[in-house]
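Report on the structure given below.
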Amino acid sequence: MIFESHAHYDDEEFDEDRDSLLASMPENGIEYIINVGANLRTTENTIALTEQYPFIYGAAGVHPSDTAELNEENFAWLKEQCSKPKIVAVGEIGLDYYWDEPDREIQKKWFQRQLALAAEKKLPVIIHSRDAAKDTLDIMKKMECQKMSGVVHCFSYPKEIAREVLNMGFYLGIGGVVTFQNAKAVKEVVKYAPLDRILLETDSPYLAPVPHRGERNSSLYIPLIAEEIAKIKGIEYDKVVRITNENAKKLFHIG
Ligand code: NI
């Protein structure tokens, strides 16, 4: 059974068929899904989904691009959500210098505050990092992430960065990008990283794998990602599914 470690089923892209799509997950081999909050509103929506579906767990957090909405008052609310029984991680949090908004200092401040929150709550973190490898690693070291646990999701940096992330004991989230023909760096990282440090993810509704690139993504496409990983590593598809499932259960303390 597949463990989907990163999706956004509260997204409006799923408004038309959310219930029928999610209801079809178990019969299609999807055992668990982590629905990931990206701001205060989607964290609230995530909690609602975890209450509705036994196989959906959630992450509470504010994506770097949305950190301008944070203040002490709503941060206290976010902290409370981390005590909900099916909230198993803080995320997605991090730095995004591709969109580069709000100011980097604001992004850094709330990345650190949310890392500290995860440490306090003894929860793993789901890190989003785009075009910000150096600052992400610097903050992870400063905040002593080697004493925490987590995943750098949609990992898209070169092998040298992967090595540092792995050395801190973190997992690498691998999604549809690995199937893109021009994704040389990600394929190299998949070859390099031990299978017991890889998580499968889609980031649905974004980043659909080939041959669905550009379409709405869903966890039903994860087999395409697992097949590509199996091909790159020269191992069995079933092994990829089984080990990544064990990895995610261990990281998120599920099952
Ligand atoms: Ni995401």
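Only this structure's heavy atoms are used, side chains among them; waters, hydrogens and symmetry mates stay out. Since this is a predicted model, take the numbers as computed values, not measurements. For ligands, and for the atoms within them, numbers begin at 1 and follow the listed sequence.
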Judged by atom type as modelled, is there a donor-acceptor pair below 3.5 Å linking the side chain of Thr43 to the main-chain atoms of Gly37? no
Just to the nearest 10 degrees, tell me the angle at the Ni ion (ligand 1) spanned by His8 NE2 and Asp203 OD1. 90°
Do the charged groups of Glu228 and Lys231 touch, with an N to O distance under 4.0 Å? yes
Return the OG1 to NZ distance between Thr46 and Lys86, rounded to the nearest 0.5 Å. 11.5 Å
The NE2(His6)-the Ni ion (ligand 1)-OE2(Glu92) angle, to 10°, is 90°
If the cut-off is 2.8 Å, does any N/O/S atom of His153 fall short of it from the Ni ion (ligand 1)? no
I'd like to know if the side chain of Tyr57 reaches the main chain of Ile254, judged simply by a donor and an acceptor atom lying under 3.5 Å from each other, with no hydrogens or angles considered. no
